[in-house]
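Working notes, beginning with the structure itself.
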There are 2 protein chains.
Amino acid sequence: MSIQTRRERERAERERLIVAAARELAEAEGWDAVTTRRLAAEIEYSQPVLYSHFKGKDAIMAAVAVEGFAELAAELRAAGTAVPPGRAALTAVGEAYTAFARRRPALYDAMFTLTVGLPFATPEAPAALRAGFEELSRAVAPAAAEGDDPGLLTETYWAGLHGLVTLMRSGRLPEEAHDRRLALLTGRFAAGAA
Amino acid sequence: MSIQTRRERERAERERLIVAAARELAEAEGWDAVTTRRLAAEIEYSQPVLYSHFKGKDAIMAAVAVEGFAELAAELRAAGTAVPPGRAALTAVGEAYTAFARRRPALYDAMFTLTVGLPFATPEAPAALRAGFEELSRAVAPAAAEGDDPGLLTETYWAGLHGLVTLMRSGRLPEEAHDRRLALLTGRFAAGAA
DNA sequence: AAGAATGTCTAGCGCTGCTAGCATTCCGGT
DNA sequence: ACCGGAATGCTAGCAGCGCTAGACATTCTT
């Protein structure tokens with residue numbers, strides 16, 4: 001039994017290594033630089049080993065994305081609970097979200113623009129993902145006016161943040177005015193709370 | 001002289017053909033299906049011909065994107081001028097924008113998520129692009145509160161629309177509640193106008 | 001009619017994600 | 001203690017990608 005478990009442990013360790021290498025490579029040089037050959041070289045195994053752990057490159061990226069969801073959720077939670085609920089919390093969460101996206105662009109891409117295989121608005125969605133949405137929701141829901149669905153309002157605010165981040169990252173919006181745009185967005189959403 | 005102009009005319013015609021073929025292929029099967037080989041086969045020339053017209057595949061996609069900017073600008077203009085200025089116009093423009101993105105997903109991708117080579121927030125940006133922003137701005141600017149920069153407010157509303165569209169298209173937001181999310185977003189931005 | 005210039009094609013480079021098939025290595029039963 | 005079988009990781013290769021060098025016609029100029 002012990003031998004078996006040791007092998008499973010080593011195997012799990014190697015899987016962790018693959019995900020970590022993919023993430024590091026992506027954060028250092030972008031996802032274009034993450035090829036199966038480079039990844040294999042990085043972990044000092046041959047290419048086919050990757051496919052004994054993951055169905056394909058997409059699955060590796062999805063694993064990286066899940067890591068990202070957990071970190072984003074944690075940062076949103078920290079930001080949202082550091083200030084009293086209300087407008088300040090909404091501002092704090094919005095800033096934490098966009099700061100995360102700007103600090104970890106490759107991670108953010110894996111989470112929200114590249115990978116398509118992950119379930120989202122369903123119960124099968126990764127727990128970390130739902131947790132992140134929950135954090136956002138806690139800050140947004142108080143701003144719901146009478147008759148507004150808090151969940152939908154959260155999704156809409158989230159979309160605003162996501163739009164700001166992606167348009168800025170791809171050069172469609174100039175970087176320098178980001179803070180003011182974010183303040184505008186947050187202001188419009190906080191208005192309902194008063 | 002006439003021979004020269006005939007040649008130039010034929011060459012321009014072929015360039016038009018390349019862009020049209022790329023767009024059709026992308027709209028029918030997605031950008032992944034648009035390879036230089038398939039594109040060459042489609043226009044019944046060999047691959048290198050593409051490179052005598054465009055610097056690379058990206059440039060072809062950029063040409064398709066510019067077509068898209070013109071169409072989007074026209075649709076936004078039609079929507080924005082069909083109703084009196086104010087909240088109704090903001091709603092109309094928002095609906096026109098997201099409808100365009102949902103009706104022409106491949107075109108939208110070329111414009112806002114894939115191509116990176118086009119200049120945006122500068123005077124060198126394609127005229128059609130600036131025109132589209134102008135249309136958006138006409139509907140948004142009246143909603144600016146005292147002290148709000150109308151340009152930044154337009155960018156922020158645009159980001160909201162873009163976020164809704166991209167998150168929905170990639171499966172992050174369920175399609176069915178789109179109208180209600182759009183109404184929420186528009187409502188929050190129209191509030192300032194009253 | 002000979003030479004220069006233009007235009008197009010064939011062939012191929014280096015890369016991608018992915019996989020079939022072969023060694024080797026290690027484990028469990030006698 | 002040994003041997004058969006299963007598990008494991010490797011080498012080698014496939015089909016396709018964007019892109020380009022160089023050969024080949026054809027067309028225009030002198």
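Throughout, a chain's letter reflects where its sequence line sits, starting with A, and its residues are numbered from 1.
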Sugar-phosphate, base or nothing in reach of B/Arg14, heavy atoms under 4.0 Å: sugar-phosphate
Rounded distance in Å - [atom1] ([X]) to [atom2] ([N]):
X	N	atom1	atom2	result
B/Arg11	C/dG7	CZ	P	7 Å
A/Glu15	D/dT8	CD	P	13 Å
A/Glu44	D/dG9	CD	C1'	15 Å
B/Leu50	D/dT20	CG	C1'	13 Å
B/Leu39	D/dC17	CG	C1'	14 Å
A/Leu17	D/dG9	CG	P	13 Å
B/Tyr45	C/dG7	OH	P	12 Å

Tell me every residue that passes side-chain hydrogen bond (donor to acceptor under 3.5 Å, both in side chains) with [X], counting only those two or more places apart in sequence or in another chain.
X	answer
B/Arg130	none
B/Glu176	none
A/Thr91	none

side-chain hydrogen bond (donor to acceptor under 3.5 Å, both in side chains): pairs with one or both residues in residues 39-50 of chain B, sequence neighbours excluded: B/Thr36-B/Gln47
Salt bridge A/Glu27-A/Arg103, side-chain N to carboxylate O under 4.0 Å: no
Test side-chain contact (heavy atoms from CB on, under 4.5 Å) applied to B/Glu146 - qualifying residues, sequence neighbours left out: none
side-chain contact (heavy atoms from CB on, under 4.5 Å) involving A/Glu134 - partner list, sequence neighbours excluded: none
Minimum side-chain heavy-atom gap B/Leu76-B/Leu72 below 4.5 Å: yes
Residue-level proximity of residues 23-31 of chain A to DNA chain C when a heavy atom falls under 4.0 Å: none
All ring pair (Phe, Tyr, Trp, His ring centres under 6.0 Å) counterparts of B/Tyr108, not counting sequence neighbours: B/Tyr97, B/Phe112, B/His162
Contact state string [nucleotides 15-20 of chain C, B base, S sugar-phosphate only, - no protein heavy atom under 4.0 Å]: -BBBBB
